[in-house]
Amino acid sequence: MAQVSFICKRTVVSTKPVQPGKYSSLSVLDRVMERNHLLVVLYYRSKRGREVGGITKKLRESLSETLTSFPVATGRLLKDPKEHWMIKCNDAGVRMVEARAKGSVEEWLRNVDREQELKLVHWEEMFHKPYYWSTFYVQLTEFEEGGLAIGLSCTHLVVDPTCVTMFIKAWADTTLGGKMVSPPLFHPLPPRRPGNMTIGHKPYTPLINHYKSFIENPPPLAVALQRHSTATLTFTDQMVKSCMDMVKALTPFEALAALFWVCISNVKAKKNGSGLTNMSICSDMRKVLGLDKGFFGNCMVYNKVHMELGVQENDHQLIKAAMAIKEVVGEMDNEGIMDLIEWLEHNDNYQYSPPLMNGRDDLICINLEGVESYMAMFEDGYKPIRASYYIEPTVGEGQVIILPSPAGEGVLSRVVMVTLLEDEVVKLCKDALLMHFSPTILMGVK
Amino acid sequence: MAQILPLFTSSVKLKYVKLGYQYLVNHILTFLLIPIMLATALKILRLGPVEILNVLKSLRFDLVQILCSSFLVIFVATVYFMSKPRCIYLVDYACYKAPVTCRVPFATFMEHSRLNLKDNPKSVDFQMRILERSGLGEETCLPPAIHYIPPSPTMEAARGEAEDVIFGVIDSLLQKTNLNPKDIDILIVNCSLFSPTPSLSAMVVNKYKLRSNIKSYNLSGMGCSAGLISIDLARDLLQVHPNSNAVVVSTEIITPNYYQGKERAMLLPNCLFRMGGAAMLLSNKRRERRRAKYRLVHVVRTHKGGDDKAYRCVYEEEDPQGKVGINLSKDLMVIAADALKSNITTIGPLVLPASEQLLFLFTLIGRKIFNPKWKPYIPDFKQAFEHFCIHAGGRAVIDELQKNLQLSAEHVEASRMALHRFGNTSSSSLWYELSYIEAKGRMKKGDRVWQIAFGSGFKCNSAVWKCNRSIKAPTDGPWQDCIDRYPVHIPEIVKL
């Protein structure tokens with residue numbers, strides 16, 4: 001089995017100094033994600049016969065250049081006078097870890113599991129004094145027989161999966177051609193649009209209540225982590241289409257989320273003996289709020305899906321699940337999100353016990369269909385062959401992340417990463433309904 | 001009000017008196033010669049042409065007499081020209097520019113310090129206080145090995161840094177001067193703290209395939225003033241070897257000397273020393289006179305090692321935990337001032353105009369004979385030099401020298417800005433400062449430059465150069481991309 005050996009850890013700084021005295025404040029959607037962190041792993045093939053170590057040096061230099069445009073990434077966390085987190089852009093840099101792995105990247109991908117994959121990403125929990133704690137960690141692992149894995153980890157307080165992918169893409173553009181195709185945008189969340197102020201407007205309470213419940217009952221700071229396992233499955237274009245047709249869904253996310261909701265409930269029902277589990281979805285709200293995709297900061301919103309209890313036939317269950325998801329997605333419009341943002345601005349005094357948005361007894365289904373991870377090309381002609389995303393810590397019932405597929409596999413094809421308890425994952429991979437859509441298991445449980 | 005006016009007018013009058021005195025004393029020979037020449041010319045004119053011819057005819061010229069006198073003249077001229085020391089020209093020089101990825105901002109330095117010295121918060125605070133008041137900027141560079149957490153100062157990394165710096169700077173020099181490596185006759189490399197076997201000069205000979213009969217020297221252990229010691233050595237060698245080129249490389253390799261312990265006196269160099277290097281091409285060839293930038297006028301070396309306190313003030317030793325570091329004693333500034341005074345006393349008579357020397361002599365006599373309470377006269381060195389390059393050893397050194405020599409802010413600007421942009425690069429800092437003056441377009445033909453360097457031992461060395469041709473800005477060099485941002489105001493304390 002391929003082994004990862006650590007070589008060194010250092011700090012990478014930007015090429016141009018940051019103007020002193022720059023501060024960046026965090027929005028309410030940022031601050032509510034304080035207890036989470038993101039892990040991203042991208043795999044690349046490499047040119048034949050290329051010397052090991054060369055690409056690491058090149059990437060380090062291009063990262064330096066990229067960081068000049070991201071002063072927020074090289075800054076450090078500090079509390080403002082209201083005891084809220086903010087970033088002081090003090091030019092301290094990001095940590096970089098270099099590692100080597102035996103074998104080739106293709107060999108690794110054939111045999112990898114969650115535990116092994118997490119060795120390709122370096123993460124350090126927040127220090128007691130976070131002023132000396134880096135918010136970003138990059139690990140470059142070169143495979144001795146060809147291939148490269150780029151692991152990026154960062155606190156969810158500063159970024160969400162969409163903007164961390166934009167950061168990687170900006171880094172790739174800089175390495176390739178020297179120019180960033182879509183530069184980042186740093187600004188606060190937009191205020192409510194004047195045209196949207198309808199008279200007698202009732203705020204979107206279910207969403208607000210969802211957040212309220214997390215803020216008022218945060219789980220303890222030291223959460224006992226059970227042994228989770230992750231499986232990565234991919235669905236072909238045709239299979240996704242047939243699923244969408246079956247449940248009359250508008251988007252692959254709705255169809256696949258419904259499918260996994262039902263299948264995972266089946267797996268858990270064999271233990272718990274009830275209907276569908278509780279479920280929340282999480283989606284990127286940039287389009288809804290009218291923001292450019294280069295907006296740097298958190299824009300992911302969680303919402304609970306409501307479904308009547310009742311044991312029903314599998315097919316009907318699936319269609320009803322899809323309808324419930326569609327309904328919730330429809331309700332998360334500009335007005336609804338603005339209601340949430342305004343409520344959060346008045347109710348954010350949770351400095352001493354911040355909420356854990358994925359930390360209760362809900363299955364969370366995260367929509368990352370729109371992230372452009374497969375567009376991050378560091379060398380001409382070499383696109384990533386796989387992209388894995390983790391939103392940690394995983395607590396509660398589990399997590400399902402819906403990701404895009406590499407180019408050339410069809411517009412509707414999707415990759416799904418499911419994190420559940422180890423035995424549940426094994427059972428899920430054998431579930432009849434799931435197998436009906438013949439997914440290919442890219443990463444399973446060993 | 002009435003009292004201030006007389007003082008003001010009296011001080012203005014004093015200024016004019018002083019100016020008049022200086023003109024008189026400095027050009028005394030001219031003032032004496034002109035009346036004599038006028039008188040002789042008048043006498044000759046009065047005589048008339050016929051009389052002159054008669055005088056000439058009366059002088060009987062014998063063949064033997066003519067031959068002997070002409071031989072005498074030729075003999076005296078030959079002896080004069082043979083005994084004159086050869087002119088040493090500095091054809092050109094190059095300074096090392098580190099890659100931008102080696103940059104160390106304050107925040108990164110402090111973070112690494114905190115991570116590496118987890119158990120010694122007092123030492124970390126000390127380093128922060130030093131860094132805040134150091135006068136360094138956010139663009140100074142440390143070698144890659146020091147960027148690791150924890151730093152990994154292996155010999156391989158040190159050799160790597162040496163290769164990057166020395167080869168980088170020699171490549172730059174060869175390109176600037178169109179010099180063929182085979183034409184290098186003398187090679188001197190000075191690097192104080194890193195001295196591998198084979199030596200760094202052997203490393204250069206190997207890389208550039210220099211001639212087998214090259215005269216190569218490697219100076220180590222001589223501290224920050226080793227750059228001028230190498231120039232002195234090159235000068236002496238060029239007196240002995242006619243028609244030769246000498247390449248001098250000055251650098252300091254930081255990698256092996258990063259102190260990893262917690263003694264405060266030894267942590268100071270970590271905060272100030274940064275990556276840097278310079279290479280100079282010196283020549284005594286006649287034809288270099290056209291394109292040489294500077295001519296070497298004097299080198300004065302002062303060694304205070306005879307005094308025990310001076311000897312121990314910069315001392316490399318092991319700390320109680322066995323980690324090697326350089327211990328800087330608290331009376332460093334006092335010893336430096338003393339060494340400077342010694343050096344000035346020697347260099348003064350060589351460079352100061354006669355007016356200053358007379359004043360100094362009178363006050364000296366006056367203090368000895370009449371009244372010991374008279375203030376010692378500090379000669380005005382601004383009369384002798386247009387530019388000053390003070391070794392950027394630290395803000396305190398520059399402040400001290402500015403005060404002692406009564407220099408203006410513009411005179412020490414080159415030193416302060418070099419400290420800000422490049423940090424203390426040890427023996428090569430003088431060349432970064434010279435490069436700054438050139439980049440600002442201030443170097444004109446005939447300008448005199450005084451380079452002063454201090455080093456462990458305790459040594460104070462000076463070199464005096466005269467600019468051979470006006471140097472036009474913009475110049476290529478380490479300041480090329482940032483000269484427009486300078487001068488920068490450097491605050492007393494930078495809040496970290």
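Throughout, protein chains are lettered first and strands after them, A, B, ... in sequence-line order, and every chain is numbered starting at 1.
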Please round to the nearest 0.5 Å and tell me the distance separating atom [atom1] of [X] and atom [atom2] of [Y].
X: B:Thr101; Y: A:Glu65; atom1: OG1; atom2: CD; value: 10.5 Å
X: B:His112; Y: A:Arg10; atom1: NE2; atom2: CZ; value: 10.0 Å
X: B:Phe106; Y: A:Asp91; atom1: CZ; atom2: CG; value: 11.0 Å

Report, as yes or no, whether the 6.0 Å neighbourhood of atom [atom1] on [X] holds more than 12 heavy atoms from other residues, nucleotides or ligands.
X: B:Lys176; atom1: NZ; result: yes
X: A:Lys22; atom1: NZ; result: no
X: B:Asp481; atom1: CG; result: yes
X: A:Gln19; atom1: CD; result: no
X: B:Lys97; atom1: NZ; result: yes
X: A:Glu83; atom1: CD; result: yes
X: B:Glu163; atom1: CD; result: yes

Best-contacting candidate, B:Glu138, B:Arg114, B:Met110, against chain A by heavy atom pairs under 4.5 angstrom: B:Arg114
Please flag which part of A:Ser14 lies under 4.5 Å from any non-hydrogen atom of chain B: side chain, backbone, both or neither. both
Name the member of A:Phe127, A:Tyr132, A:Trp133 that forms the most heavy-atom pairs with chain B at distances under 4.5 Å. A:Tyr132
Considering only heavy atoms and a distance below 4.5 Å, find which of A:Arg60, A:Met96, A:Arg95 pairs most often with chain B. A:Arg95
Lys/Arg N to Asp/Glu carboxylate O, A:Arg76 vs B:Glu111, below 4.0 Å: yes
Does either side chain, that of A:Thr11 or that of B:His147, offer a donor lying less than 3.5 Å from an acceptor on the other one? no
Side-chain donor-acceptor pair present, B:Arg103, A:Ser64, cut-off under 3.5 Å: no
